[in-house]
**Q** 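Before anything else, here's the structure in question.
Order of listing sets the numbers, starting from 1, for every ligand and every atom in it. Heavy-atom basis, side chains included; hydrogens, waters and symmetry copies ignored.
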Amino acid sequence: MKILITGGAGFIGSNFVRFVLSRYPGYEVVNLDSLTYAGNLENLRDLEENDRHTFVKGDICDMTLLESLRFDSIIHFAAESHVDRSILDSSPFLRTNIGGTKNLLDLAKTRGLRMLHVSTDEVYGSISEGLFTEASPLSPNSPYAASKASSDLFVRAYHETYGVDAVITRCSNNYGPFQFPEKLIPLMIINALASKPLPVYGDGRNVRDWIHVLDHCRAVDMVFHKGRAGEVYNIGGRNEQQNIDIVSRILSSVSDVTGSDIAGLNGLITYVKDRPGHDRRYAIDPSKIESELGWRPTVGFENGIAETVRWYVGNRDWWGRITSGQYMKYYDVQYGRRLS
Ligand code: NAD
Ligand code: TYD
């Protein structure tokens with residue numbers, strides 16, 4: 001089996017590429033990533049000598065490039081993924097998340113391939129009580145969520161119209177190693193380590209359901225192999241947390257690991273102007289994947305956060321090269337000559 005994995009130099013994609021290669025010794029991965037600001041080949045450093053992993057620097061919007069690649073199935077992570085950026089400029093979200101997904105669907109259709117489309121719980125919008133199921137209406141509120149909902153609808157339409165063997169996963173907020181430090185958890189960790197302000201939007205009481213990235217990877221693997229074509233599977237940790245509680249938990253882990261004074265760390269919390277259209281609460285019901293495929297999250301939140309804090313403490317070089325912009329050069333230095 002040779003799988004095309006898109007976005008495999010990003011946070012979840014790089015964790016998934018590593019997961020698949022170690023779990024399936026017979027599988028090969030073609031990892032297609034255009035290396036936007038969020039793509040970082042350092043995330044894949046340990047796979048440089050792995051001859052079952054082929055990295056291709058390229059854009060999912062480039063149909064000619066896609067047609068030149070050979071593989072048996074598609075797992076599609078590539079996306080513009082940050083809500084705040086989508087509020088500033090939604091154009092790249094429309095291009096990649098909708099246009100790029102449509103290109104991959106065309107390939108899956110022409111070649112008769114299975115395609116797993118990685119989506120998000122944000123397509124359902126905000127919910128004040130109860131849980132979103134797969135049957136809940138799509139009601140996206142941010143430009144990011146609107147672009148993901150649109151791509152989900154294209155996947156559905158290609159299944160209904162052309163019989164494409166496609167499945168969709170909708171996961172809640174991920175955390176863990178290699179997450180780009182623009183998202184809540186890594187940003188709070190590295191700012192705390194650098195004694196910088198910790199910007200909490202609004203009243204800090206917005207709720208997200210958090211899941212460790214490896215539990216998400218295990219779920220994607222199960223849906224890819226066993227999910228029914230045309231179906232949607234919610235993936236969630238049954239772990240709702242208010243943002244301010246997450247920040248407090250992070251600070252207590254940072255204090256434990258580094259010995260920093262907890263009062264000083266708490267003093268870094270800075271309430272800032274709220275995000276426009278900020279969804280109050282995300283909460284999804286993962287019963288379908290639990291009962292149909294037997295998936296369960298395995299990483300407890302307290303341990304998961306503590307381990308993630310230790311990872312960022314132990315990998316200051318990794319995020320230091322991101323904050324300095326140096327990481328952008330890694331591709332040219334390590335790969336430029338080899339791939340050109
Ligand atoms: P990320 O921003 O860390 O990584 C995205 C990757 O896609 C980057 O490596 C980037 O270079 C690549 N990419 C972007 N545009 C591309 C293009 N046009 N062609 C090829 N590659 C391109 O994102 P992530 O957090 O790893 O999210 C991965 C997927 O999971 C996304 O589809 C996202 O919507 C979805 N998702 C994320 C979360 C989360 O909490 N992070 C939750 C649910 C779903
Ligand atoms: P984020 O990690 O951007 O994920 P998403 O918006 O896709 O859920 O944000 C998670 C929550 O944390 C969200 O409610 C916004 C909030 N947040 C802050 O309060 N401060 C920050 O600096 C960031 C990046 C997010």
**Q** Test of understanding: given a 4.0 Å heavy-atom threshold, classify the contact between E182 and ligand 2 as side chain, backbone, both, or neither.
**A** backbone
**Q** Check whether any heavy atom of S14 sits under 4.0 Å from an atom of ligand 1.
**A** no
**Q** Going by heavy atoms, is F180 under 4.0 Å from ligand 1?
**A** no
**Q** Show which atoms of ligand 1 fall inside a sub-4.0 Å distance from at least one heavy-atom site of L35.
**A** 11 (O)
**Q** Which residue and non-hydrogen atom of the protein lie closest to atom 2 (O) of ligand 1, and at what distance in Å?
**A** S81 OG, 2.7 Å
**Q** Could you identify the single nearest non-hydrogen protein atom to atom 14 (O) of ligand 2 and state the distance to 0.1 Å?
**A** H278 NE2, 2.7 Å
**Q** Would a line drawn from the ring center of W319 to the ring center of W311 be shorter than 6.0 Å?
**A** no
**Q** Any idea which protein heavy atom is nearest atom 2 (O) of ligand 2, and the distance to it?
**A** L184 N, 2.9 Å
**Q** Please classify the N40 to ligand 1 contact at 4.0 Å (heavy-atom distances, strictly less than): side chain, backbone, both or neither.
**A** neither
**Q** Which one holds for P92 and ligand 1: side chain close, backbone close, both close, or neither close, with close meaning a heavy atom under 4.0 Å?
**A** neither
**Q** Under 4.0 Å from ligand 2, counting heavy atoms only, is it the side chain of L187, its backbone, both or neither?
**A** side chain
**Q** What part of Y37, side chain from CB on, backbone N/CA/C/O, both or neither, has a heavy atom under 4.0 Å from ligand 1?
**A** neither
**Q** Below a 4.0 angstrom heavy-atom separation, can you tell me which part of H82, side chain or backbone, both or neither, approaches ligand 1?
**A** neither
